[in-house]
Amino acid sequence: MSDDSPVISLKQVRKSFDGRVVLDDVTFDVQKGQTIVIMGGSGCGKSTTLRMIIGSFPPDSGSIQLWGEEVTGAGEAKLNELRKKFGILFQSGALFNSMTIAQNVALPLTEHTDLDPSTVEIMVKIKLELVGLREHADKYPAQISGGMKKRAGLARALALDPQILFYDEPSAGLDPVTSAEIDQLIIDLSKKLHVTSVVVTHEMDSAFTIADRMVMLDKGRVLAVEDRAWFEKLRDTEGELPTDQALIRQFLRGDPEGPITQRKQTTGYAEDLLGEAEQAPRAPVPSVVSSRGA
Ligand SMILES: Nc1ncnc2c1ncn2[C@@H]1O[C@H](COP(=O)(O)OP(=O)(O)OP(=O)(O)O)[C@@H](O)[C@H]1O
Ligand SMILES: [Mg+2]
């Protein structure tokens, strides 16, 4: 793999659940050391994209590569080898409640390495120091706040010195100041450890603070993959725009009016409930009135 080849590469990725297309023709690359933000409305396919990159389940078609190696169709052994090279911060932090913070952070080290306990202890201290939790090492998850749980989850994601960090909604449910602290931590870690970061979020302040590059998803389609500056410029552009760009601008600004809200108003109720059916003709919606024989 040459130095400028992407660390993560998705090509024409497609995924359906229960006959409904959730991701269609998703293509983007992430370069080494970059922080890329995946954004888009609820249900547009952000978490699904993330979960396929980490090999939780395969796409229906298309290619996903990490360090030039195909994730799609890789066996468990290969996936486990790849998984050791990345860390994941789940939405909830996903800590084990019966273990202290230090024990939670030690877990990947005791599971995946044969380091002796004193080395593990030192490594845990380093990771907790990185996220500002060293004094709280012996507390249990129930004894710390939501923001601290996120930090602890992050320390655990860092345990094996990953080359890629994946974050799913890192600031969801946090107050604005704690959320800004987590953003700062993401930036610091990216700078200090030179990790490549993939961050899923729909919080625009956060996205513009941390991103080098951004991917805008809409209903499973990639509308744009551009540098942060491109999105900043679009956000601040006034006047008429082509529909896709107007849609992105509405999302970035959180405007109450625009293509997103217009679409919601014109989407049929049944379509809204069932989503876009894939190929199969939509069954006629039974009429409540006639079924009662009125
Ligand atoms: N395992 C699954 N089985 C069936 N449908 C699924 C599954 N996982 C996700 N979906 C559907 O795929 C679509 C995309 O879901 P996804 O979780 O990727 O959205 P998201 O962009 O992360 O949304 P949010 O911002 O609400 O977290 C949704 O319509 C969801 O209901
Ligand atoms: Mg999600």
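- Contact detail for Leu10 and Ile8: the closest heavy-atom pair is CD1-CG2, 3.7 Å.
- Between Met214 and Arg228, the shortest heavy-atom distance links the atoms SD-CA, 4.0 Å.
- In the hydrophobic clustering of ILVMFWY residues, with side-chain heavy atoms under 4.5 Å counting as a link, Leu154 and Ile126 come out apart.
- Val30 is connected to Leu82 through a chain of hydrophobic side-chain contacts under 4.5 Å among Ile, Leu, Val, Met, Phe, Trp and Tyr, so both are in one cluster.
- Looking only at distances, a side-chain donor or acceptor of Asp175 sits under 3.5 Å from a matching main-chain atom of Val177.
- With hydrogens and angles left out, the side-chain atoms of Ser63 and Glu70 include a donor and acceptor closer than 3.5 Å.
- Looking at heavy atoms from C-beta onward, Val124 lies out of side-chain contact with Gln103 at the 4.5 angstrom threshold.
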message: salt bridge (Lys or Arg N to Asp or Glu O under 4.0 Å), that's the test. Do Lys233 and Asp227 meet it? Break it down for me.
response: CA-CA 10 Å; Lys233 194 166 164 219; Asp227 289 343; over 6 Å; no
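- Arg156 places a side-chain N or O within 3.5 Å of a backbone atom of Ala94 that can act as its donor or acceptor partner.
- With contacts defined as side-chain heavy-atom distances shorter than 4.5 Å, the pair Ser171/Glu203 qualifies.
- Ion pairing of Lys15 with Asp60 is present here, as a side-chain N (NZ or NE/NH1/NH2) and a carboxylate O approach within less than 4.0 Å.
- Heavy-atom neighbours of Gln143 CD from other residues, nucleotides or ligands within 6.0 Å: above the threshold of 12.
- Interatomic distance, Gln12 CD to Ile64 CD1, rounded to the nearest 0.5 Å: 12.5 Å.
- The number of heavy atoms from other shown groups lying within 6.0 Å of CG (Asp236) is above 12.
- Of all the heavy atoms in Leu95 and Pro141, the pair that sits closest is CB-CG, 3.9 Å.
- One hydrophobic cluster holds both Trp230 and Val199 under the rule that ILVMFWY side chains link at heavy-atom gaps under 4.5 Å.
- Taken from NE2 in His136 to OG in Ser145, the straight-line distance is 8.5 Å, to the nearest 0.5 Å.
- Ring geometry for Phe86 versus Trp67: interplanar angle under 30°, hence parallel rather than tilted (30 to 60°).
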message: With side chain to side chain contact (heavy atoms under 4.5 Å, CB included) as the criterion, how do Leu50 and Tyr167 come out once you've worked through the C-alpha distance, each side chain's angles and the decisive distance to 0.1 Å?
response: CA-CA 9 Å; Leu50 203 67; Tyr167 303 82; over 6 Å; no
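- The CD1 atom of Ile186 sits 8.5 Å away from atom OG1 of Thr201, with the distance rounded to the nearest 0.5 Å.
- A distance-only check finds a donor-acceptor pair linking the side chain of Asn104 to the backbone of Met99 [under 3.5 Å].
- With respect to the salt-bridge test (charged N to carboxylate O, under 4.0 angstrom), the residues Arg83 and Glu76 qualify.
- Between Asp161 and Lys127 a salt bridge is recorded (basic side-chain N to carboxylate O distance below 4.0 Å).
- By the 4.5 Å heavy-atom criterion applied to side chains, Thr49 and Leu217 are counted as neighbours.
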- request: Test side chain to side chain contact (heavy atoms under 4.5 Å, CB included) on Met216 and Leu247 and set out the steps.
  value: CA-CA 10 Å; Met216 175 78 197; Leu247 192 153; 4.3 Å; yes
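- The six-membered or imidazole ring of Phe231 lies away from that of Phe208, with a centre-to-centre distance of 6.0 Å or more.
- Judged purely by distance below 3.5 Å, without hydrogens or angles, the side chains of Gln250 and Thr261 pair a donor atom with an acceptor atom.
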task: Could you walk me through whether Leu66 and Ile164 pass side chain to side chain contact (heavy atoms under 4.5 Å, CB included), step by step?
output: CA-CA 10 Å; Leu66 292 178; Ile164 309 178; 4.0 Å; yes
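- Across every non-hydrogen atom of Ile36 and Phe28, the tightest pair is CD1-CD1, 4.1 Å.
- Between Arg213 and Glu226, no side-chain nitrogen of the basic residue sits less than 4.0 Å from a carboxylate oxygen of the acidic one, so the salt-bridge criterion is not met.
- Within the 4.5 Å cutoff, side-chain heavy atoms of Phe17 are placed close to those of Phe57.
- Distance check, rounded to the nearest 0.5 Å: OG of Ser197 to CG of Leu165 gives 5.5 Å.
- The main-chain N or O of Gly40 is found under 3.5 Å from a side-chain atom of Lys46 such that the two form a donor-acceptor pair.
- Remark: the backbone N or O of Leu174 is not paired with any side-chain donor or acceptor of Thr178 at under 3.5 angstrom.
- Taking NZ of Lys149 as the start and CD1 of Ile144 as the end, the distance is 6.5 Å to the nearest 0.5 Å.
- In this structure a side-chain-to-backbone donor-acceptor pair under 3.5 Å is missing from Ser56 to Met52.
- In plain terms, the two heavy atoms of Ile187 and Thr209 that are nearest each other are CD1-O, 3.5 Å.
- You'll find the side chain of Val7 stays beyond 4.5 Å of the side chain of Gln31, heavy atoms only.
- For Asp255, the CG atom is densely surrounded, since the number of other residues' heavy atoms within 6.0 Å is greater than 12.
- In this structure, Ile88 is not a member of the same hydrophobic cluster as Phe96, with clusters built from ILVMFWY side-chain heavy atoms closer than 4.5 Å.
- Between the Thr110 side chain and the Leu107 main chain, a donor and an acceptor come within less than 3.5 Å of each other.
- A salt bridge does not link Glu232 with Arg253: none of the charged nitrogens is closer than 4.0 Å to a carboxylate oxygen.
- The shortest side-chain heavy-atom distance between Met123 and Leu109 falls under the 4.5 Å cut-off.
- Counting non-hydrogen atoms of neighbouring residues, nucleotides and ligands closer than 6.0 angstrom, the NZ atom of Lys191 reaches no more than 12 such neighbours.
- Asp116 contributes a side-chain N or O that, together with a main-chain N or O of Thr119, makes up a donor-acceptor pair within less than 3.5 Å.
- Note that CD1 of Ile260 and CG of Asp218 are 7.0 Å apart. Values are rounded to the nearest 0.5 Å.
- Each of Glu135, Glu129, Glu181 was evaluated against Arg151; a single residue qualifies, Glu181, per the salt bridge (charged side-chain N to carboxylate O under 4.0 Å, His left out) test.
- Looking only at distances, a side-chain donor or acceptor of Asp212 sits under 3.5 Å from a matching main-chain atom of Thr35.
- Both Ile182 and Met204 are members of a single hydrophobic cluster when ILVMFWY side chains are connected at heavy-atom separations under 4.5 Å.
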task: Would you check, one step at a time, whether the test side chain to side chain contact (heavy atoms under 4.5 Å, CB included) holds for Glu169 with His202?
output: CA-CA 8 Å; Glu169 303 281 1; His202 47 218; 3.5 Å; yes
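- Contact of the Val13 side chain with the Pro59 side chain is registered, since non-hydrogen atoms from C-beta on lie closer than 4.5 Å.
- Checking Ser9 against Asp29 by side-chain atom types alone, a donor-acceptor pair falls below 3.5 Å.
- At a threshold of 4.0 Å, the pair Asp24-Arg221 does not count as salt-bridged, since none of the basic side-chain nitrogens sits closer than that to a carboxylate oxygen.
- Here the shortest heavy-atom pairing between Gly87 and Pro162 reads N-CB, 3.4 Å.
- A donor-acceptor pair under 3.5 Å is absent between the side-chain atoms of Glu111 and the main chain of Pro108, judged by distance alone.
- Using a 4.5 Å cut-off on side-chain heavy atoms (C-beta onward), Glu69 and Lys78 make contact.
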